[in-house]
Amino acid sequence: NIDRAEQQQRAEYALSQLRLLYQSAATHLRFDRDVWGKQLYPILSLWSTLSQSPELDFSSLKLPDESLQPVPAFVELEHYKALCLVRDVSRDVAALVRV
């Protein structure tokens, strides 16, 4: 009986520890807007500053001329794709700021 009582006590202790662990994990999974905002603010602010460059004019974004030689055409296409990526990231960052 003593062994059984000890085993039951250990099982209850293990279950209580598992419950605490579960509750702790569940608290970390919750969305906390204030904590999230404080941690992301430096990155969002930096991106906003960097993307304000006049060289990043997305309104005149167009595919490069196909009549270029292969190497200049490759460079122009990579430049175009890089600007598209920056534009997409800027949109996503702006959406994050609105949250």
Side-chain angles (χ1 to χ4, degrees):
N1 284 343
I2 293 176
D3 289 335
R4 188 169 186 207
E6 182 183 1
Q7 185 179 16
Q8 187 175 7
Q9 185 180 11
R10 285 185 182 183
E12 288 174 7
Y13 177 74
L15 285 174
S16 70
Q17 291 300 309
L18 286 172
R19 283 188 198 104
L20 284 173
L21 183 62
Y22 175 76
Q23 289 172 353
S24 174
T27 348
H28 290 301
L29 293 177
R30 291 187 188 136
F31 178 73
D32 188 349
R33 180 178 287 180
D34 293 332
V35 171
W36 188 67
K38 287 177 187 175
Q39 291 176 346
L40 283 180
Y41 178 76
I43 295 170
L44 298 177
S45 177
L46 178 63
W47 182 264
S48 177
T49 303
L50 292 174
S51 65
Q52 297 294 326
S53 172
E55 296 171 3
L56 298 175
D57 182 19
F58 303 124
S59 62
S60 63
L61 194 59
K62 61 182 187 234
L63 278 169
D65 187 12
E66 293 180 11
S67 65
L68 292 173
Q69 294 294 319
V71 172
F74 172 78
V75 171
E76 287 289 321
L77 186 59
E78 288 301 306
H79 182 256
Y80 170 78
K81 289 181 178 181
L83 285 177
C84 287
L85 180 62
V86 169
R87 179 194 62 205
D88 293 345
V89 170
S90 291
R91 277 190 205 149
D92 292 342
V93 166
L96 283 174
V97 168
R98 286 190 295 261
V99 171

With a 3.5 Å cut-off and sequence neighbours excluded, list the donor-acceptor pairs that the side chains of residues 61-70 form with protein atoms.
residue : atom : partner : partner atom : Å
D65     : OD1  : S67     : N            : 3.3
D65     : OD1  : S67     : OG           : 3.3
D65     : OD2  : S67     : OG           : 2.6

Which donor-acceptor pairs under 3.5 Å do the side chains of residues 39-48 make with protein atoms, sequence neighbours left out?
residue : atom : partner : partner atom : Å
W47     : NE1  : S90     : OG           : 3.1

Which atom pairs, donor and acceptor, lie under 3.5 Å between side-chain atoms of residues 73-86 and protein residues at least two apart or in another chain?
none

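Atoms CD and CD, on Q9 and E6 in that order, are 7.5 Å from each other to the nearest 0.5 Å.
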